[in-house]
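A quick write-up on the structure given underneath.
Computed from heavy atoms alone, side chains included, the values below leave out hydrogens, waters and symmetry copies. In listed order, ligands and their atoms are each counted from 1.
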Amino acid sequence: MADHTSGKLLVHLKSGKEKSLLRKHPWIFSGAIQAVEGNQAPGETVEVFSSKGEFLARGAYSPQSRIPVKVWTFREDEPVDESFFEEKIKQAMLLRKKIFSGKLPDAYRLVYAESDELPGLIVDLYGPYAVCQFTSAGTDRFKELISAILLRYAPEGVYERSDVDSRLKDGLELRTGLLCGKSFPDALPFMENGIRFTCRPKDGHKTGFYLDQRINRRLLMESAAGAEEVLNCFSYTGGFGLAALKGGARSVLNVDTSASALEIAAEQASMNGFSPDQFKTLQADVFQYLRSCRDSRKTFDLIILDPPKFAENFVHRERAARGYKDINLLAMKLLRPGGKLFTFSCSGAMDRDLFGKVVDSAAADAKVNFRITGYLSQGPDHPVSSAFPEGLYLKGISGIAL
Ligand code: SAH
């Protein structure tokens with residue numbers, strides 16, 4: 001393996017472009033770079049200098065990306081080697097122990113990329129198993145080393161789900177498969193908020209489950225008692241729907257376009273002792289289904305809207321805002337008096353303000369007197385570094401239609 005600490009590859013920034021690095025923001029955009037010297041292989045560790053020749057950072061180089069350097073460390077005396085990754089992952093675990101006051105849940109995010117000072121690395125733990133994503137040239141280069149370290153935290157095995165589009169920006173192909181351990185199960189059982197789940201790490205979304213919504217599923221559970229009819233839109237494998245039943249709702253309809261997600265949802269419902277009368281599934285487009293409910297004057301006591309990302313980036317923000325407006329306006333119209341709404345956006349490009357405005361204008365257009373009862377976010381195992389606000393992507397609003 002090449003020597004990653006020799007600093008053979010050097011990046012010199014343009015004058016004045018060191019400011020964000022001095023605030024510990026870990027991205028260097030191509031426009032900030034004056035010159036690159038040395039072996040420009042993807043994933044190579046690079047040393048970054050200001051226009052005055054001062055050392056600023058050591059990072060991973062990705063020549064194809066519009067962010068050609070993602071910083072590993074701002075410390076000149078910290079080489080990027082095995083002990084670097086051991087230490088960062090150890091720190092990530094210590095933070096999770098603090099977050100959960102020592103009582104780690106069955107399934108949680110151990111490493112959340114930039115928020116854990118490991119840009120391009122996502123690690124989710126499901127009991128003794130780890131499922132990870134190597135989303136950058138830098139983490140891809142150190143994949144073997146990182147997965148061997150992860151085996152200490154996930155002794156049964158480490159599986160790769162690097163089938164994420166962000167890899168293409170770094171010129172990497174999509175990859176999945178076993179990295180460490182003898183074999184990896186197709187289904188991983190775990191408990192969340194007292195509910196039995198099984199995620200499908202090999203073919204499910206993300207690493208198999210939307211761990212980022214755990215706290216919000218808990219909040220929903222706590223406010224579902226007495227709801228006669230719940231509508232869980234974009235249900236995936238039914239996480240919110242099961243939480244509603246566990247919290248005392250009488251019945252829930254889960255709507256998703258994915259037949260396989262709904263099949264797992266139904267299996268999980270029966271695993272938790274809920275009947276098909278209580279937990280229903282419908283394979284349909286949510287936009288169309290909401291319209292059909294509006295036309296037939298169907299209403300609900302509780303509606304969840306947890307759509308996929310409508311905006312990949314700022315260019316698509318306007319179109320995304322219209323999509324969010326559309327479903328929120330329809331949902332507002334379907335709420336019974338006193339009905340509750342839990343609505344989310346996981347598009348990083350939609351900031352909290354814009355999402356709040358969309359929901360407010362949906363309420364106004366639907367002529368609903370809406371009281372916001374909560375501003376929601378991703379769970380604490382997906383922390384946001386104050387040096388990297390881009391780490392915040394999941395926003396939610398809960399409220400009641402008076
Ligand atoms: N709330 C879920 C996660 C939702 S992910 C949980 O807590 O686990 C978004 C889901 O939306 C995916 O399952 C995807 O299949 C579904 N989806 C995407 N577009 C859709 C559409 N137009 N209509 C219905 N479902 C859709």
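Among all protein heavy atoms, the one lying closest to atom 13 (O) of ligand 1 is Asp256 OD2, 2.7 Å. When only non-hydrogen protein atoms are considered, atom 25 (N) of ligand 1 lies nearest to Thr257 N, 3.2 Å. Of the protein's non-hydrogen atoms, Val286 N, 2.9 Å is the one closest to atom 23 (N) of ligand 1. Among protein heavy atoms, atom 22 (N) of ligand 1 sits closest to Asp285 OD1, 2.7 Å.
The aromatic ring centroids of Phe240 and Phe342 lie 6.0 Å or more from each other. Taking the six-membered ring for Trp and the full ring otherwise, Tyr126 and Tyr159 have centroids separated by 6.0 Å or more.
Of the options Gln213, His205, Arg217, the smallest heavy-atom separation from atom 6 (C) of ligand 1 is shown by Arg217. Closest heavy-atom approach to atom 8 (O) of ligand 1 among the candidates Phe310, Phe234, Tyr210: Tyr210. Around atom 2 (C) of ligand 1, the closest heavy atom drawn from Asp306, Asn232, Leu220, Thr237 belongs to Asp306.
Of the heavy atoms in Ala284, only backbone atoms (N, CA, C, O) come closer than 4.0 Å to ligand 1.
A cation-pi arrangement is absent between Lys202 and Phe184, since the terminal nitrogen or guanidinium carbon is not both under 6.0 Å from the aromatic centre and inside a 45° cone about the axis.
Each of the following atoms of ligand 1 lies closer than 4.0 Å to a heavy atom of Tyr236: 2 (C), 3 (C), 4 (C), 8 (O), 13 (O). In the vicinity of Phe240, heavy-atom distances shorter than 4.0 Å reach the ligand 1 atoms 1 (N), 7 (O).
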Can you give each donor-acceptor pair under 3.5 Å made by side-chain atoms of residues 220-233, sequence neighbours left out, with the distance rounded to 0.1 Å?
| unit_1 | atom_1 | unit_2 | atom_2 | d |
| --- | --- | --- | --- | --- |
| Glu222 | OE2 | Arg218 | NE | 3.2 |
| Ser223 | OG | Leu219 | O | 3.3 |
| Ser223 | OG | Leu220 | O | 3.4 |
| Glu228 | OE1 | Arg250 | NE | 3.0 |
| Glu229 | OE1 | Lys298 | NZ | 2.9 |
| Glu229 | OE2 | Lys298 | NZ | 3.4 |
| Glu229 | OE2 | Arg336 | NH2 | 2.6 |
| Asn232 | ND2 | Asn254 | OD1 | 2.9 |

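Taking the six-membered ring where tryptophan is involved, the planes of Phe142 and Phe85 are tilted, since the angle between them lies from 30° to 60°.
Under the 4.0 angstrom criterion for non-hydrogen atoms, Ser235 is in contact with ligand 1.
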Stepwise side chain to side chain donor-acceptor pair (under 3.5 Å) check, Thr343 with Tyr324: CA-CA 9 Å; Thr343 178; Tyr324 289 113; over 6 Å; no
Assess whether salt bridge (Lys or Arg N to Asp or Glu O under 4.0 Å) is satisfied between Lys333 and Asp365, documenting all intermediate values. CA-CA 9 Å; Lys333 288 183 177 166; Asp365 291 4; over 6 Å; no
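Ion pairing between Asp351 and Arg317 holds under the 4.0 Å rule for side-chain N and carboxylate O. A salt bridge is absent between Asp124 and Arg161: the closest approach of a Lys/Arg side-chain nitrogen to an acidic carboxylate oxygen does not fall below 4.0 angstrom.
Residue Pro308 has no nitrogen or oxygen atom sitting less than 3.5 Å from a nitrogen or oxygen atom of ligand 1, judged on distance alone. For ligand 1, none of its N or O atoms has an N or O atom of Ser258 under 3.5 Å away.
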